[in-house]
Amino acid sequence: MATERTLSIIKPDATRRNLTGKIIAKFEDAGLKVVASRRIRLSQADAEAFYGVHRERPFFKDLVQFMISGPVVVQVLEGEGAIAKNREVMGATNPANAAAGTIRKEFAESIEANSVHGSDAPEAAANEIKFFFRDLDIVG
Ligand code: ADP
Ligand code: MG
């Protein structure tokens, strides 16, 4: 399998509870390397654009409000099959369905406040990485 890069976001519920380090340890334990990282506060326009694919979903407004409710940590993770591996480490969207040992099982508060975002496919990963990082800011 090829080396890939994927976009991760540690969401406001996790930064609020000071879980950044514990979540990054899960990535590193799975063989994913943090090759870019920034702690930021998303604007409403940023959050709406980033989650644009979900614009028509009933939870869209709440999701945007949640994502701007506190700081987030945006990161690029690199590794063998990083996109799928990150999704595996994250666990299912709804923590009630997430496997033991996953980030969402251990840390998520709800289906919305579920601690992490991860790109779901190669094209999404490329676009989401570009949304937050210049090539120069990613150091593998
Ligand atoms: P994932 O983050 O696992 O890729 P989705 O892309 O389907 O999940 O949804 C994006 C985000 O929207 C989720 O991580 C979660 O924060 C929120 N979300 C998804 N489904 C719901 C829902 N039914 N109710 C409230 N929030 C939701
Ligand atoms: Mg998704």
Side-chain contact test, heavy atoms from C-beta onward, threshold under 4.5 Å: evaluate it for [X] versus [Y] and give yes or no.
X	Y	answer
V76	F132	no
I103	F27	yes
S119	E128	yes
T102	V89	no
I83	D120	no
M67	K11	yes

Going hydrophobic residue to hydrophobic residue with side-chain gaps under 4.5 angstrom, can you get from [X] over to [Y]?
X	Y	answer
L32	V72	no
L19	V116	yes
I138	I24	no
L77	I129	no
I9	I111	no

Pairing donors with acceptors under 3.5 angstrom, does anything connect the side chains of S8 and Q75?
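No donor-acceptor contact under 3.5 Å links the two side chains.
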
- Query: When you check the gap from the basic side-chain N to the acidic O, do D137 and R134 get nearer than 4.0 Å?
  - Reply: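 Counted as a salt bridge, because a side-chain N and a carboxylate O are separated by less than 4.0 Å.
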
Problem - Carboxylate-amine/guanidinium contact K22 E106, below 4.0 Å - result: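 Salt bridge: no.
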
Item to check | Residues which pass ring-ring contact (aromatic ring centres under 6.0 Å, His included) with F66, listed by chain and number, not counting sequence neighbours | outcome: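 Once residues adjacent in sequence are excluded, F66 has no partner under the ring-ring contact (aromatic ring centres under 6.0 Å, His included) criterion.
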
Full working for side-chain contact (heavy atoms from CB on, under 4.5 Å) between R39 and T15:
CA-CA 9 Å; R39 180 175 168 107; T15 60; 4.0 Å; yes

To the nearest 0.5 Å, what is the distance between [atom1] ([X]) and [atom2] ([Y])?
X	Y	atom1	atom2	answer
L42	S69	CG	OG	10.0 Å
R41	I68	CZ	CD1	8.0 Å
M90	K105	CE	NZ	15.5 Å

What verdict does the side-chain contact (heavy atoms from CB on, under 4.5 Å) test give for V73 and S37, after you've listed the backbone C-alpha separation in whole Å, the side-chain angles of each residue and the deciding distance to 0.1 Å? CA-CA 7 Å; V73 180; S37 182; 3.7 Å; yes

For H117 and F50, take the angle between the two ring planes, folded into 0 to 90°, and tell me which bin it lands in: parallel under 30, tilted 30 to 60, perpendicular over 60.
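H117 and F50: perpendicular rings.
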
Taking all non-hydrogen atoms of both residues into account, name the closest pair between E4 and A84 and its distance.
->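 Minimum heavy-atom separation between E4 and A84: OE1-N, 4.5 Å.
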
Which atom pair, heavy atoms only, marks the closest approach of P95 to R104?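 The pair with the smallest heavy-atom distance is CB-O, 3.5 Å.
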
Checklist entry - What do the steps show when you test R16 against E109 for side-chain contact (heavy atoms from CB on, under 4.5 Å), and what is the final call? => result CA-CA 12 Å; R16 179 169 44 77; E109 294 182 319; 3.0 Å; yes

Q | Aromatic contact, Y51 with F60 (centres under 6.0 Å) | A |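 Centroid distance Y51-F60: not below 6.0 Å, so no.
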
Pair I23-I10, side-chain contact (heavy atoms from CB on, under 4.5 Å): steps then yes or no
CA-CA 8 Å; I23 288 173; I10 301 179; 4.0 Å; yes

task = Write out all pairs satisfying side-chain hydrogen bond (donor to acceptor under 3.5 Å, both in side chains) with one or both partners inside residues 78-87, taking only residues at least two apart or from two chains.
result =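 Residue pairs passing side-chain hydrogen bond (donor to acceptor under 3.5 Å, both in side chains), neighbours aside: T3-E80, R5-E78.
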
Check your understanding: Does N114 reach the main-chain N or O of T93 with its side chain, forming a donor-acceptor pair under 3.5 Å?
Key ->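 Side chain of N114 to backbone of T93, a donor-acceptor pair under 3.5 Å: yes, one is there.
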
Inset, instruction - Quick one: list whatever passes salt bridge (Lys or Arg N to Asp or Glu O under 4.0 Å) with D13, sequence neighbours left out. - result: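 D13: salt bridge (Lys or Arg N to Asp or Glu O under 4.0 Å) contacts with R17.
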
